Amino acid sequence: MARFLIGATIVRDLPEGRAVARIVETEAYLPMDAAAHSFRGKTARNRTLFGRRGHAYVYYIYGNYYCFNVSAEAAGVGAGVLIRAAEPLRGLEGMRVRRPGARDRDLLRGPGRLASALAITRAEDGLDLCAAGPLWLAAPLAPRAEIVTSRRIGLTKEVDRLLRFYERGNPHVSGAKNAG
DNA sequence: AAGAAGATTCGCT
DNA sequence: GCGAATCTTCTTA
(Lines give C-alpha, C1' and ligand atoms only; values in the text may rest on other atoms or scores of the structure.)
Protein backbone atom coordinates (compact mmCIF):
# COMPACT_ATOMS: atom_id res chain seq x y z
CA MET A 1 0.00 0.00 0.00
CA ALA A 2 2.90 2.39 0.70
CA ARG A 3 3.98 1.99 -2.92
CA PHE A 4 0.46 2.25 -4.24
CA LEU A 5 -0.18 5.54 -2.43
CA ILE A 6 2.65 7.29 -4.26
CA GLY A 7 0.82 9.44 -6.80
CA ALA A 8 -2.51 9.23 -4.97
CA THR A 9 -4.44 12.41 -4.28
CA ILE A 10 -5.25 13.89 -0.87
CA VAL A 11 -8.46 15.92 -0.81
CA ARG A 12 -8.91 18.10 2.25
CA ASP A 13 -11.67 20.62 2.88
CA LEU A 14 -10.36 23.66 4.75
CA PRO A 15 -12.29 26.77 5.80
CA GLU A 16 -10.49 28.62 2.98
CA GLY A 17 -11.61 26.07 0.39
CA ARG A 18 -10.67 22.66 -0.91
CA ALA A 19 -6.99 21.71 -0.79
CA VAL A 20 -5.67 19.06 -3.16
CA ALA A 21 -2.22 17.45 -3.12
CA ARG A 22 -0.39 14.55 -4.72
CA ILE A 23 1.49 12.11 -2.46
CA VAL A 24 5.20 11.80 -3.33
CA GLU A 25 6.69 10.07 -0.27
CA THR A 26 5.49 7.35 2.12
CA GLU A 27 6.79 4.88 4.69
CA ALA A 28 5.42 1.44 5.60
CA TYR A 29 5.04 0.20 9.19
CA LEU A 30 4.40 -3.52 9.22
CA PRO A 31 3.06 -6.06 11.70
CA MET A 32 6.01 -7.47 13.72
CA ASP A 33 7.95 -4.26 13.08
CA ALA A 34 9.64 -2.96 16.25
CA ALA A 35 9.55 0.59 14.87
CA ALA A 36 5.78 0.54 14.39
CA HIS A 37 3.38 2.04 16.92
CA SER A 38 1.33 -1.15 16.68
CA PHE A 39 4.25 -3.35 17.81
CA ARG A 40 3.29 -3.52 21.48
CA GLY A 41 -0.38 -4.05 20.89
CA LYS A 42 -3.51 -1.97 20.72
CA THR A 43 -3.86 1.12 22.94
CA ALA A 44 -6.20 4.10 23.06
CA ARG A 45 -3.82 6.05 20.88
CA ASN A 46 -3.12 3.53 18.11
CA ARG A 47 -6.41 1.68 17.92
CA THR A 48 -7.25 2.81 14.39
CA LEU A 49 -4.11 1.05 13.17
CA PHE A 50 -5.87 -2.16 14.15
CA GLY A 51 -9.10 -1.27 12.37
CA ARG A 52 -10.02 -1.84 8.74
CA ARG A 53 -7.66 -0.50 6.11
CA GLY A 54 -8.09 2.92 4.59
CA HIS A 55 -8.75 4.89 7.76
CA ALA A 56 -6.79 7.83 9.14
CA TYR A 57 -4.37 7.20 12.01
CA VAL A 58 -3.09 10.51 13.38
CA TYR A 59 -0.66 10.83 16.29
CA TYR A 60 0.98 13.71 18.12
CA ILE A 61 4.77 13.79 18.34
CA TYR A 62 7.54 15.85 19.95
CA GLY A 63 5.06 18.15 21.61
CA ASN A 64 4.56 20.06 18.36
CA TYR A 65 3.52 18.05 15.35
CA TYR A 66 0.99 15.57 14.05
CA CYS A 67 1.69 12.74 11.61
CA PHE A 68 -0.88 11.42 9.15
CA ASN A 69 -1.07 7.69 8.41
CA VAL A 70 -3.40 5.31 6.59
CA SER A 71 -4.33 2.03 8.27
CA ALA A 72 -3.16 -0.67 5.94
CA GLU A 73 -4.35 -4.14 6.88
CA ALA A 74 -7.47 -6.14 7.70
CA ALA A 75 -9.25 -5.54 10.99
CA GLY A 76 -7.27 -6.93 13.90
CA VAL A 77 -3.87 -6.51 12.21
CA GLY A 78 -1.80 -3.47 13.19
CA ALA A 79 -0.12 -1.83 10.21
CA GLY A 80 -0.05 1.55 8.54
CA VAL A 81 1.47 3.87 5.97
CA LEU A 82 2.92 7.23 7.02
CA ILE A 83 2.31 10.00 4.49
CA ARG A 84 5.64 11.88 4.58
CA ALA A 85 5.31 14.42 1.79
CA ALA A 86 3.04 15.66 -0.98
CA GLU A 87 2.99 18.12 -3.84
CA PRO A 88 0.42 20.93 -3.43
CA LEU A 89 -1.91 21.13 -6.45
CA ARG A 90 -4.89 23.27 -5.50
CA GLY A 91 -6.03 25.42 -2.61
CA LEU A 92 -2.52 26.60 -1.70
CA GLU A 93 -3.99 29.66 0.04
CA GLY A 94 -5.37 27.54 2.86
CA MET A 95 -2.06 25.73 3.27
CA ARG A 96 -0.04 28.96 3.31
CA VAL A 97 -2.18 30.32 6.14
CA ARG A 98 -1.07 27.38 8.33
CA ARG A 99 2.59 27.49 7.34
CA PRO A 100 3.48 31.20 7.43
CA GLY A 101 6.78 32.02 5.81
CA ALA A 102 7.18 28.66 4.10
CA ARG A 103 8.01 28.44 0.41
CA ASP A 104 5.28 26.71 -1.63
CA ARG A 105 7.67 23.90 -2.33
CA ASP A 106 7.97 23.22 1.42
CA LEU A 107 4.27 23.43 2.32
CA LEU A 108 3.82 19.64 2.49
CA ARG A 109 7.47 18.54 2.56
CA GLY A 110 7.80 16.40 5.68
CA PRO A 111 5.16 14.61 7.78
CA GLY A 112 4.80 17.30 10.45
CA ARG A 113 4.58 20.06 7.88
CA LEU A 114 2.04 18.15 5.81
CA ALA A 115 -0.30 17.60 8.75
CA SER A 116 0.11 21.22 9.80
CA ALA A 117 -0.62 22.68 6.35
CA LEU A 118 -3.68 20.48 5.91
CA ALA A 119 -4.96 21.01 9.48
CA ILE A 120 -4.86 17.30 10.29
CA THR A 121 -4.97 16.55 14.04
CA ARG A 122 -6.26 13.89 16.39
CA ALA A 123 -9.74 15.15 15.48
CA GLU A 124 -9.30 13.46 12.09
CA ASP A 125 -8.14 10.16 13.60
CA GLY A 126 -10.40 7.31 12.49
CA LEU A 127 -11.89 9.03 9.41
CA ASP A 128 -12.73 6.72 6.51
CA LEU A 129 -10.43 7.94 3.75
CA CYS A 130 -12.32 6.07 1.04
CA ALA A 131 -15.63 7.80 1.71
CA ALA A 132 -16.95 11.32 1.11
CA GLY A 133 -15.98 13.65 3.92
CA PRO A 134 -13.61 16.43 5.00
CA LEU A 135 -10.54 14.30 4.24
CA TRP A 136 -10.21 11.52 1.68
CA LEU A 137 -7.90 9.92 -0.84
CA ALA A 138 -8.24 9.24 -4.56
CA ALA A 139 -6.24 6.50 -6.28
CA PRO A 140 -3.40 7.43 -8.65
CA LEU A 141 -4.57 8.29 -12.17
CA ALA A 142 -1.68 9.46 -14.29
CA PRO A 143 1.35 7.22 -14.87
CA ARG A 144 3.82 7.65 -12.06
CA ALA A 145 7.50 8.45 -12.14
CA GLU A 146 10.10 5.96 -10.99
CA ILE A 147 9.65 4.98 -7.33
CA VAL A 148 12.79 4.75 -5.21
CA THR A 149 13.09 2.54 -2.11
CA SER A 150 15.19 3.58 0.91
CA ARG A 151 15.65 3.31 4.66
CA ARG A 152 13.01 4.98 6.81
CA ILE A 153 13.83 8.33 8.42
CA GLY A 154 14.22 9.30 12.05
CA LEU A 155 14.01 5.82 13.59
CA THR A 156 16.12 4.23 16.30
CA LYS A 157 14.80 0.69 15.72
CA GLU A 158 14.67 -1.41 12.56
CA VAL A 159 16.81 1.20 10.86
CA ASP A 160 17.92 -1.03 8.00
CA ARG A 161 14.54 -2.00 6.61
CA LEU A 162 13.84 -0.58 3.17
CA LEU A 163 10.31 0.63 3.73
CA ARG A 164 10.40 4.23 2.52
CA PHE A 165 9.19 5.05 -0.97
CA TYR A 166 9.39 8.25 -2.98
CA GLU A 167 9.40 9.60 -6.51
CA ARG A 168 12.86 10.01 -7.89
CA GLY A 169 13.83 13.63 -8.39
CA ASN A 170 10.60 15.13 -7.11
CA PRO A 171 11.39 18.44 -5.34
CA HIS A 172 8.61 17.94 -2.81
CA VAL A 173 10.24 14.88 -1.25
CA SER A 174 11.63 15.52 2.26
CA GLY A 175 15.29 15.30 3.27
CA ALA A 176 17.26 15.64 0.06
CA LYS A 177 20.26 14.22 1.90
CA ASN A 178 18.24 11.15 2.82
CA ALA A 179 17.95 10.11 -0.79
CA GLY A 180 19.68 6.77 -0.21
C1' DA B 1 3.68 8.08 40.53
C1' DA B 2 7.64 9.30 38.00
C1' DG B 3 10.71 9.17 34.02
C1' DA B 4 12.32 8.45 29.42
C1' DA B 5 11.78 8.39 24.52
C1' DG B 6 9.76 9.83 20.50
C1' DA B 7 7.77 7.89 12.57
C1' DT B 8 10.05 16.35 13.70
C1' DT B 9 11.16 20.96 12.73
C1' DC B 10 13.54 25.27 13.06
C1' DG B 11 17.14 28.37 14.11
C1' DC B 12 21.77 29.21 14.91
C1' DT B 13 26.84 28.26 14.27
C1' DG C 1 25.51 20.21 10.97
C1' DC C 2 23.81 20.28 15.77
C1' DG C 3 20.82 20.93 19.59
C1' DA C 4 16.71 22.86 21.77
C1' DA C 5 11.78 22.99 22.01
C1' DT C 6 7.71 20.74 23.83
C1' DC C 7 4.15 17.35 25.73
C1' DT C 8 1.88 12.98 25.17
C1' DT C 9 2.11 8.17 25.78
C1' DC C 10 3.87 4.15 27.49
C1' DT C 11 6.89 1.66 30.70
C1' DT C 12 8.68 0.70 35.02
C1' DA C 13 8.78 0.99 40.00
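Quick caveat: nothing in here was measured; it's all calculated off a predicted structure. Naming convention: chains lettered A, B, ... in sequence-line order (proteins, then strands); numbering from 1 in each chain.
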Original post:
Where the side chain of A/Asn64 is defined as all heavy atoms beyond and including C-beta, which of B/dT8, C/dT6, C/dT9 is the nearest nucleotide?
Top reply: C/dT6
**OP:** Say whether A/Arg164 and A/Ser150, considering side chains only, have a donor N or O and an acceptor N or O under 3.5 Å apart.
**Re:** yes
**OP:** For A/Arg144, look at atom CZ and say whether over 12 heavy atoms of other residues, nucleotides or ligands are found less than 6.0 Å away.
**Re:** yes
**OP:** Mind calculating the distance between CD (A/Glu27) and P (B/dA7) to the nearest angstrom?
**Re:** 10 Å
Original post:
If you check the A/Tyr65 side chain, which of B/dA7, C/dC7, B/dT9 turns out closest?
Top reply: B/dT9
Subject >> Note: A/Glu27-A/Arg152 ion pair, threshold 4.0 Å (strictly below) >> reply: no
Original post:
Looking at A/Met95, A/Arg113, A/Arg99, which one forms a side chain to side chain contact (heavy atoms under 4.5 Å, CB included) with A/Leu108?
Top reply: A/Met95
**OP:** Taking the six-membered ring for Trp and the single ring otherwise, decide whether the centroids of A/Tyr57 and A/Tyr59 are under 6.0 Å apart.
**Re:** yes
**OP:** For A/Arg122 and C/dT9, give me the distance from atom CZ to atom P, rounded to whole Å.
**Re:** 7 Å
**OP:** With heavy atoms under 4.0 Å as the rule, sort A/Arg99 into base, sugar-phosphate or nothing.
**Re:** sugar-phosphate
**OP:** Take atom CG of A/Asn46 and atom P of C/dC10, then tell me their distance rounded to the nearest Å.
**Re:** 7 Å
Subject >> Side-chain N or O of A/Thr156 closer than 4.0 Å to phosphate OP1/OP2 of B/dG6 >> reply: yes
Original post:
Which nucleotide, C/dC10, B/dG6, C/dT8, lies nearest any side-chain atom of A/Thr43?
Top reply: C/dC10
**OP:** Measure from OH on A/Tyr59 to C1' on B/dA5 and round the result to the nearest Å.
**Re:** 13 Å
Subject >> Rounded distance in Å - CG (A/Leu49) to P (B/dA7) >> reply: 12 Å
Original post:
Between atom CZ in A/Phe39 and atom C1' in B/dA7, what is the gap in whole Å?
Top reply: 15 Å
**OP:** Starting at CG of A/Asn170, measure out to CD of A/Glu146 and round the result to the nearest 0.5 Å.
**Re:** 12.5 Å
Original post:
So what does A/Gly63 hit on the nucleic acid, given a heavy-atom distance under 4.0 Å: a base, only sugar-phosphate, or nothing?
Top reply: base
Original post:
Contact class for A/Arg152 (heavy atom, under 4.0 Å): base, sugar-phosphate, or nothing?
Top reply: nothing
Subject >> Whichever of A/Ile61 and A/Pro111 has its nearest DNA chain B nucleotide further upstream toward 5' >> reply: A/Ile61
Original post:
Are any of the side-chain nitrogens in A/Arg96 or A/Glu16 under 4.0 Å away from the carboxylate oxygens of its partner?
Top reply: no
Original post:
For A/His37 and B/dA5, what is the distance between atoms NE2 and C1' respectively, to the nearest whole Å?
Top reply: 11 Å
Original post:
Does B/dT9 have OP1 or OP2 sitting under 4.0 Å from an N or O in the side chain of A/Arg109?
Top reply: no
Original post:
Does the pair A/Thr26 and A/Arg3 meet the rule for a side chain to side chain donor-acceptor pair (under 3.5 Å), with working shown?
Top reply: CA-CA 8 Å; A/Thr26 63; A/Arg3 268 184 181 280; over 6 Å; no
**OP:** Please work out if A/Tyr62 contacts a base, only the sugar-phosphate, or nothing of the nucleic acid, heavy-atom cut-off 4.0 Å.
**Re:** base
Original post:
Based on Watson-Crick and G-U pairs with both distances under 3.5 Å, what dot-bracket line describes DNA chain C 5' to 3', crossing pairs as [ ] and inter-strand pairs as |?
Top reply: |||||.||||||.
Subject >> Nearest listed nucleotide, side chain of A/Arg113, among B/dC10, B/dT8, C/dT9 >> reply: B/dC10
Subject >> Interatomic distance where CZ belongs to A/Arg151 and C1' belongs to B/dA7 [whole Å] >> reply: 16 Å
**OP:** Please determine, for the side chain of A/Arg40, which listed nucleotide (B/dT9, C/dT11, B/dA7) has the closest atom?
**Re:** C/dT11
